[in-house]
Amino acid sequence: RFKDQATADIRQHGPYQGTLRDNPCGGAMAAAGVGGYPTVVDTSRTASPHLFKGRTVAIVNDLSTEEQWYLYLKTKELREAVAAGQDLSKFRLRNPEAAVYTIFMEDSTRTKESFRNGAEFHGMKVNVFDAKTSSFQKNETITDTIKMLVGYSIGQSTFVIRSKIEGVCTWLEEAITQYCQLRGFERASFINAGDGRHEHPSQEMLDEYTFLEHKGFDRSSIHLALLGDLFHGRTVHSKVDGLKLYKKVEVDLIAPKELALPEHYEDKMVDAGFIVRRFSSIAEYLEQSKVASIWYFTRLQLERMGDQVLDKAPLLRQAVTMQREFIDKLPQGTKFFHPLPRDARYPTLPFWLDNTEFNGWDRQSQNGYFTRIVMLGMLGGLFGDDFQQLTGQPHESMGSPRGTQRQMSLPHTPDDNLKSSPMKGASDFVREVAPADQKAGDSGSAEAGLMPIQRGIVIERLAEGQSEEQIWGLMYMVRSILGLHGVGGQGVHRPPDRPASGFISVPDFDLRSWGRQPLKKLAAMAPGSTLKDIADGSVRKEFRFLLPPRIYNFREIKCKNEACVSHPNNGQREVDVYFVRVRATVKQKGAGSPAAPTDPDGAWRFECKYCETPHNFYEIWDYKKYYNPSDFTL
C-alpha cells in the first residue's frame with residue numbers, strides 16, 4: 001500500500017526530497033518507527049545545482065567549516081569593495097520577487113535591523129512580520145503560518161526567525177521543504193536569528209569574521225576568553241562549532257558556577273579537541289600568566305533565574321565585570337567583544353572603555369550587516385560559483401556536518417546471524433550472542449523462588465548496576481510500555497560475577513509476534529539488556545540490545561527541554577518527537593584545569609534532533625505514567 005502510494009506521488013510531484021515523517025505516503029510507517037524507506041534525510045542540500053540556494057542555517061553546523069570560511073572571505077571582499085568605493089553591483093541579488101520575512105517573537109535591534117537592511121541592499125521584498133498582532137495570538141502553529149507566507153511571493157522566500165522555542169528552524173526546514181515541492185514553490189530558506197538558549201548561528205558567524213579581521217585571517221590558532229552568562233548565552237553555545245574553523249583552539253571559560261557553561265556544550269568542546277579551562281571570576285583568571293588577548297563578554301540574563309540566584313546578583317556581576325585595576329594585567333593588543341546590548345545599569349563592559357583601544361564591539365556590530373548581506377546572497381543563489389577559487393576546495397567535498405554527524409553508529413556491523421531470525425528487522429540495535437549456559441534457561445526465576453518457564457521469553461540484565469529502586473522502576477516501565485501484562489514473573493537477580501539487575505519472564509510468549517517497534521522500544525529503554533528465547537526449558541536463542549541509532553514517533557517519549565519545538569507545552573502539534581544517538585563524553589572536572597575524556601570509548605546517549613538537548617536513555621520516556629513514582633524511582 002505504501003509503495004503504491006509513494007509511486008503515485010512521485011509520478012505526480014517528482015522525487016521526494018524531504019523526510020519520511022513529512023511524506024503523506026510514509027506517515028503510517030514513520031509513526032510506527034519502522035520503514036523500508038529512509039527515515040533520516042540530510043535536507044541541507046537543495047535539489048538545485050547551486051551550492052547554497054534554498055539551504056537553511058538553523059545551527060552553525062548547517063554550513064561546513066569550509067563553507068563558513070567562504071562566507072568570511074566573501075564578506076572580506078565586500079568590505080574591501082565598500083572601503084575602496086567600488087561598484088557593488090556584483091554583490092547585489094537584485095531579485096524583487098525574492099522575499100525576506102523577519103519574524104521576531106523576541107525583541108531585537110541589531111539582528112533584525114541588519115537582516116532588514118541586508119535584504120534591502122539586495123533589492124529583495126522585505127516583510128517585517130509583527131508576531132504580536134498575528135494569528136500566533138489565536139494559537140496558530142508556526143508551521144501553518146509559514147505555509148501561508150511562503151505562497152505570497154513568486155520568487156524564493158527566506159525566513160529570519162527569532163523565537164523562545166528552540167529548534168524551530170530545523171523543524172521548518174523539514175516541513176516546508178516538502179510543502180514547497182508539492183505545490184511548486186521555490187524552496188524556502190530559514191535562518192535562525194536566536195532560538196531560546198540554543199543557538200544564534202548568524203551572530204557566531206559575524207563574531208568569527210570579526211576575530212579573523214583582528215587576527216589577520218590567520219586560522220592556525222585562537223585563544224579566547226568567554227565570560228559572563230555562559231549558561232543562557234546562545235551566542236556562546238554557537239561557538240562550540242564555530243571555533244572549529246581554527247586548527248588549535250584554547251578557550252578560557254570565566255563565570256561563577258551559577259552562570260557556567262552547560263556541561264554538554266563543554267563536552268562538545270573537549271570532543272572537538274579544544275583546550276578548555278575554567279575560572280570563577282576575572283580576578284581569578286588574571287592571577288595566572290596565560291591570559292587571552294580576545295575577550296568575549298555576554299550580558300547577564302539574571303531575569304531567567306530563580307530568587308536564590310537573584311539574591312547573589314551583585315556578586316555575580318562583580319565576578320565578570322571589567323575593572324580599571326585589571327587593565328595593566330592584560331596582554332598587549334587585547335580586544336574586548338560583546339554581542340550587545342549592554343545592560344546600561346550594570347554593564348560588564350563599563351562605558352569608560354568605549355573610546356579606548358580595547359573597544360572591538362563597535363566594529364563587531366557593524367560586521368553584522370556585511371556578513372548577513374553575504375549570507376542572504378548565498379542562500380539566495382547569488383554567491384557560490386567562486387567557491388573553489390576562494391577556498392581551494394571543490395564543491396563535491398563540502399556538505400553540512402549535520403547531515404553526517406548524526407548518522408553515528410556503534411562499532412559493529414549488522415549481525416548476519418539475524419537474517420533468518422525474528423530479529424531480522426532490528427539488526428541495527430540487536431546482536432545475537434552465544435548463551436552462557438544453554439541449559440540454564442530461566443535461571444533468574446529459579447533464584448528468585450519463582451517457577452522457571454518452559455516456553456516463552458526472559459528479559460535479563462535490566463538496569464544492571466543501578467539501585468533496586470531503579471531496577472524495579474525500569475521493570476514496571478518495560479512491562480507497561482510493551483504491554484506485558486499477562487502471567488509471568490519479575491525480580492532482582494544478584495549473580496556472583498556481576499552487579500545486580502532485573503529480569504522479566506513471560507511464559508508462552510512467541511517472539512515472532514514482535515516486530516521492529518517493540519524491539520526498538522525495549523532497546524531504547526534498556527540498552528545492555530538481554531532477551532532469551534526459551535523452548536523446552538532451554539535457551540534456544542539469546543540476544544543483546546544496543547541503543548538504537550534513532551527513536552521517533554513513539555507516543556511514550558518526550559524531550560525534557562520544555563522550550564523545544566517538539567515539547568507538547570509549546571502547542572506545535574505537527575512536530576513529532578525525534579531523538580538521535582550521539583557519543584557522550586565523561587570528563588575530569590576542576591577549576592582552572594584542562595578538561596579531558598576519561599574513557600576513550602565514551603558512552604552513548606540520545607540527543608533531540610531539534611533543540612540538541614542531550615538525554616540519558618531513560619530520560620526520553622514519560623515513565624511516571626506507568627508505575628507509582630513514590631514506590632519506584634528512576
Side-chain angles (χ1 to χ4, degrees), residues 42-44 52 55-72 75 166-170 173 190-212 219 221-224 226 230-253 261-276 294 296 298 337 339 371-372 375 378-379 391 393 397-408 580 582-585 587 595 597 602 605 607-614:
D42 180 12
T43 54
S44 65
F52 298 110
R55 286 178 58 179
T56 282
V57 182
I59 58 175
V60 169
N61 265 352
D62 277 330
L63 296 180
S64 72
T65 300
E66 292 305 313
E67 289 170 341
Q68 294 167 45
W69 179 235
Y70 175 81
L71 185 151
Y72 304 142
T75 303
E166 299 176 15
V168 166
C169 288
T170 297
E173 178 193 18
F190 297 89
I191 299 174
N192 177 9
D195 58 340
R197 290 187 296 144
H198 181 215
E199 279 213 30
H200 194 343
S202 71
Q203 178 68 47
E204 167 57 13
M205 291 171 191
L206 80 87
D207 290 346
E208 292 307 326
Y209 175 80
T210 305
F211 297 161
L212 286 166
R219 293 176 59 184
S221 65
I222 189 170
H223 180 199
L224 77 162
L226 303 176
L230 308 185
F231 184 82
H232 294 102
R234 57 194 173 203
T235 61
V236 172
H237 302 166
S238 290
K239 284 177 171 44
V240 173
D241 291 315
L243 289 170
K244 293 176 183 176
L245 182 76
Y246 304 91
K247 293 180 180 179
K248 180 182 178 181
V249 180
E250 297 178 78
V251 177
D252 299 330
L253 306 174
L261 186 70
E263 186 175 19
H264 66 278
Y265 286 114
E266 188 175 336
D267 289 348
K268 289 182 178 181
M269 286 185 172
V270 173
D271 285 344
F274 297 2
I275 299 172
V276 181
I294 298 177
Y296 190 87
T298 58
F337 301 97
T371 54
R372 286 162 176 152
M375 181 178 289
M378 289 167 65
L379 303 186
T391 67
Q393 298 287 339
S397 68
M398 296 297 99
S400 164
R402 184 167 58 147
T404 56
Q405 71 177 6
R406 293 183 173 182
Q407 303 296 324
M408 300 177 69
V580 292
V582 297
R583 193 178 286 281
T585 299
K587 58 186 180 59
R605 67 185 179 194
E607 183 177 276
C608 176
K609 181 181 181 181
Y610 303 111
C611 69
E612 301 184 291
T613 299

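Residue indices begin at 1 and follow the sequence shown.
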Practice item. Decide side chain to side chain donor-acceptor pair (under 3.5 Å) for Ser238 and Glu199; before the verdict, give the C-alpha distance in whole Å, the side-chain angles of both, and the deciding distance to 0.1 Å. Key: CA-CA 5 Å; Ser238 290; Glu199 279 213 30; 3.1 Å; yes
Distance (rounded to the nearest 0.5 Å) between [X] [atom1] and [Y] [atom2]:
X      : Y      : atom1 : atom2 : result
Tyr209 : Leu245 : OH    : CG    : 13.0 Å
Trp69  : Thr391 : CH2   : OG1   : 10.0 Å
Leu224 : Ile294 : CG    : CD1   : 6.5 Å

Point to revise | Distance-only polar pair, side chains of His223 and Asp252, donor-acceptor under 3.5 Å | key: yes
Practice item. Evaluate the criterion side-chain contact (heavy atoms from CB on, under 4.5 Å) for residue pair Leu379 and Thr56; output intermediate values, then yes/no. Key: CA-CA 8 Å; Leu379 303 186; Thr56 282; over 6 Å; no
If we only count heavy atoms from C-beta on, is the [X] to [Y] side-chain gap below 4.5 Å?
X      : Y      : result
Phe231 : Arg197 : yes
Thr65  : Gln393 : no
Thr613 : Glu607 : no
Tyr70  : Met378 : yes
Leu226 : Val251 : yes
Glu266 : Leu253 : yes
Leu243 : Ile222 : yes
Ile59  : His198 : yes

[X] versus [Y], closest heavy-atom pair with distance:
X      : Y      : value
Arg605 : Arg583 : NE-O, 4.5 Å
Pro201 : Asn192 : CD-O, 3.4 Å
Ala58  : Cys169 : CB-CB, 3.6 Å
His237 : Pro262 : NE2-CD, 3.7 Å
Glu204 : Thr235 : OE1-O, 4.1 Å

In terms of side-chain geometry, is the basic nitrogen of [X] or [Y] positioned less than 4.0 Å from the acidic oxygen of its partner?
X      : Y      : value
Asp271 : Lys268 : no
Lys239 : Asp207 : yes
Arg234 : Glu166 : no
Lys609 : Glu173 : no

Practice item. Let me see the working for Val60 and Gln68 under side-chain contact (heavy atoms from CB on, under 4.5 Å), right down to the final yes or no. Key: CA-CA 9 Å; Val60 169; Gln68 294 167 45; 3.6 Å; yes
Exercise for review: List the steps, then state whether side-chain contact (heavy atoms from CB on, under 4.5 Å) holds for Glu67 with Asp62.
Suggested key: CA-CA 9 Å; Glu67 289 170 341; Asp62 277 330; over 6 Å; no
Point to revise | CA sep, side-chain torsions, deciding dist, call: Glu612, Tyr265, side chain to side chain donor-acceptor pair (under 3.5 Å) | key: CA-CA 10 Å; Glu612 301 184 291; Tyr265 286 114; 5.8 Å; no
Review point. Going through the distances and angles, do Glu250 and Phe274 end up as a side-chain contact (heavy atoms from CB on, under 4.5 Å)?
Key: CA-CA 6 Å; Glu250 297 178 78; Phe274 297 2; over 6 Å; no
Check your understanding: Should the ring pair Tyr296 and Phe211 be called parallel, tilted or perpendicular, given that the plane angle runs from 0 to 90° and is split at 30 and 60?
Key -> perpendicular
